[in-house]
Number of protein chains: 2
Amino acid sequence: MYPLLQAHINTFVSISDDEMAEIFGYFKHQTLKKKENLLNEGQACKATYFVTKGILRKYFINEKGVEQTTEFAIENWWMTDTFSFISQTTAEFYIQAVENTEVLALPRDAHDQLLEAHPAMEKYFRCVYQRAYAATQKRLKFRHEHSSEELYHFFRKSQPEFLQRVPQYLIASYLGFTPEYLSEIRKKSIS
Amino acid sequence: MYPLLQAHINTFVSISDDEMAEIFGYFKHQTLKKKENLLNEGQACKATYFVTKGILRKYFINEKGVEQTTEFAIENWWMTDTFSFISQTTAEFYIQAVENTEVLALPRDAHDQLLEAHPAMEKYFRCVYQRAYAATQKRLKFRHEHSSEELYHFFRKSQPEFLQRVPQYLIASYLGFTPEYLSEIRKKSIS
DNA sequence: CGGTCTCTTGACGGAGTTCAAAGCTAGTGG
DNA sequence: CCACTAGCTTTGAACTCCGTCAAGAGACCG
């Protein structure tokens, strides 16, 4: 029914096709147009989202009114404002589609019921969060270790297709500097 | 037997005293002197650690030979090189005791056996990692949003006892700037 | 086409780094 | 219990990376 999600779940736990069908009942398929928002600051984050097609980004708006992207999610990644999702308090982030995107939404209530009814999914999500946490630790280390210029070149080498799908100014914002400076870096590396 | 850990587990799942006693069997109590290392770069991270007394820090050494602290753990926090712990590959971080410290170590094998035998612990760890992940997201946002000076003042207000337990140069390294600059910030705020 | 969104350029300024040296502080051994 | 040393913090000057601002050049979409 949802082959991408099924494959992803099966890399962490083994679940029969019958149980899998039940599990899928908790999810809702959702389609988003480019630039459409899934979550706005001030709302509670109602669901956690698994991307099956396209790209989501999470961002916030700083005191100067500038958007800061903190995370991207492409196919096979989960995305949510974790804190708001857990506690159902007002979100500090926005979630927006970078291109036309399809997601599987697991609403907060369904999430709890799913984990209650299917203990294997506790393990699945434990693994998912463990990896996500490990990934942010690596990212934090990398940020500390390298200059903005090095960051960009590393990103460019390790995620080449990504660069072509996402506008420059979002890359700059994600890497933590201005579009103007990114432009300067690119100019240097051409000549 | 381990009241701090018991209380912590019980905030997420309810477990009988009998089962709890079994669970504790998987842990090993360990004592560390100030500056003693629990993990060195290049080793695999053998266990995940729950701090019952004292402070641990996680750090790495950058290309200039300078130590960069990326995380602290005080009482009631878990600490590990998550990536190395999961995959048993060589660690990228060091873990060191900031003061004389006591931990409960859950070795990698015991971790898997524990989760197998006690499904409630899957939920517990799912919640722990979910929160840890949410916390790093908040931290990332905060770093983007504020100057180094603001970072320090916020830290100072929200963790006053912590400042007295940890030397300045570790605080500076954790917040992402140099001890010299921290000194300058402090000078400003006194006058 | 015409307008909006995105990327580039260059001048200037400031936050934070680097380096080197001196002043403190706390722990250690005699 | 004092003296010594190693580790920690402070100072100041020079420097650099990167942000800000403002304006122009492309590029994409209806």
Side-chain angles (χ1 to χ4, degrees), chain A residues 33-37 55 57 59-69 72 96-100 142-156 162-191, chain B residues 32-37 54-55 57 59 61-69 72 94 96-100 142-156 162-191:
Chain A
K33 295 226 169 102
K34 185 173 172 174
K35 300 235 170 177
E36 198 175 330
N37 274 50
I55 302 179
R57 72 180 179 111
Y59 66 98
F60 65 92
I61 297 183
N62 68 20
E63 58 236 29
K64 287 171 200 139
V66 178
E67 293 182 2
Q68 293 272 10
T69 300
F72 289 108
Q96 190 184 61
V98 175
E99 38 183 64
N100 293 339
F142 207 81
R143 188 74 182 79
H144 266 289
E145 215 170 3
H146 301 281
S147 69
S148 295
E149 193 169 346
E150 290 168 329
L151 234 56
Y152 171 71
H153 288 302
F154 181 81
F155 192 78
R156 183 180 135 94
F162 198 81
L163 273 191
Q164 291 171 346
R165 289 170 73 180
V166 176
Q168 306 282 343
Y169 70 97
L170 289 184
I171 304 282
S173 160
Y174 173 72
L175 295 177
F177 46 82
T178 60
E180 290 93 331
Y181 187 61
L182 177 51
S183 196
E184 203 176 316
I185 292 172
R186 301 187 63 204
K187 192 177 157 194
K188 262 196 238 172
S189 49
I190 294 163
S191 58
Chain B
L32 294 156
K33 294 227 171 101
K34 186 174 172 174
K35 299 231 171 181
E36 199 176 330
N37 274 49
I55 303 178
R57 73 181 180 110
Y59 66 98
I61 297 184
N62 68 19
E63 58 237 29
K64 286 171 201 141
V66 177
E67 292 182 3
Q68 293 271 9
T69 301
F72 289 109
Y94 301 74
Q96 190 185 61
V98 175
E99 37 182 66
N100 293 339
F142 207 80
R143 188 76 181 77
H144 266 290
E145 218 170 0
H146 301 281
S147 69
S148 295
E149 193 171 346
E150 290 168 328
L151 234 57
Y152 172 69
H153 287 303
F154 181 81
F155 192 78
R156 183 180 137 95
F162 198 81
L163 274 191
Q164 292 171 345
R165 290 170 72 181
V166 177
Q168 306 285 340
Y169 72 98
L170 289 183
I171 303 282
S173 159
Y174 173 72
L175 294 177
F177 46 81
T178 60
E180 291 93 332
Y181 188 60
L182 177 51
S183 195
E184 205 177 313
I185 292 172
R186 298 186 45 166
K187 193 178 158 194
K188 262 196 239 174
S189 48
I190 293 163
S191 57

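Protein chains get the first letters and strands the later ones, always in sequence-line order, with residue 1 at the start of each. Bear in mind the structure is a predicted one, so any value in this text is a computation, not a measurement.
Taking atom CD of residue A:Glu184 and atom P of nucleotide C:dA11, one finds them 11 Å apart after rounding to whole Å. One atom, CD1 of B:Ile185, and another, P of D:dT10, lie 11 Å apart when rounded to the nearest Å. Whole-Å rounding puts the B:Glu149 CD to C:dA15 C1' distance at 10 Å. Atom OH in B:Tyr181 sits roughly 8 Å away from atom P in C:dT17 (whole-Å rounding). Atom CD of A:Glu150 is separated from atom P of D:dC17 by 11 Å (rounded to the nearest Å). D:dA27 atom P lies 16 Å from atom CD of A:Gln164, rounded to whole Å. Atom NE2 in A:His146 sits about 16 Å away from atom P in D:dC17, given to the nearest Å. In this structure, A:Lys188 places its NZ atom 14 Å from P of C:dG10, rounding to the nearest Å.
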For a quick check, with a 4.0 angstrom heavy-atom cut-off, what is the B/S/- contact string for nucleotides 3-8 of chain C, read 5' to 3'?
---SSB
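Note on ring orientation: taking the six-membered ring where Trp is involved, the planes of B:His146 and B:Phe142 are tilted (angle from 30° to 60°).
Electrostatic pairing of A:Arg143 and A:Glu150 does not count as a salt bridge here, judged by no charged N lying under 4.0 Å from a carboxylate O.
For the residue pair A:Glu145/B:Asn62, the side-chain donor-acceptor check at 3.5 Å is not satisfied.
Between B:Thr178 and C:dG16 there is no side-chain polar atom (N or O) within less than 4.0 angstrom of OP1 or OP2. For C:dT18, one of the phosphate oxygens OP1 or OP2 lies less than 4.0 angstrom from a side-chain nitrogen or oxygen of B:Lys64.
Remark: A:Glu99 engages A:Arg165 in a salt bridge (charged side-chain N to carboxylate O under 4.0 Å, His left out) (not counting sequence neighbours).
Distance check: A:Leu170 CG to A:Leu163 CG gives 11.5 Å after rounding to the nearest 0.5 Å.
Here A:Phe72 and A:Phe162 bring their ring centres to under 6.0 angstrom of each other.
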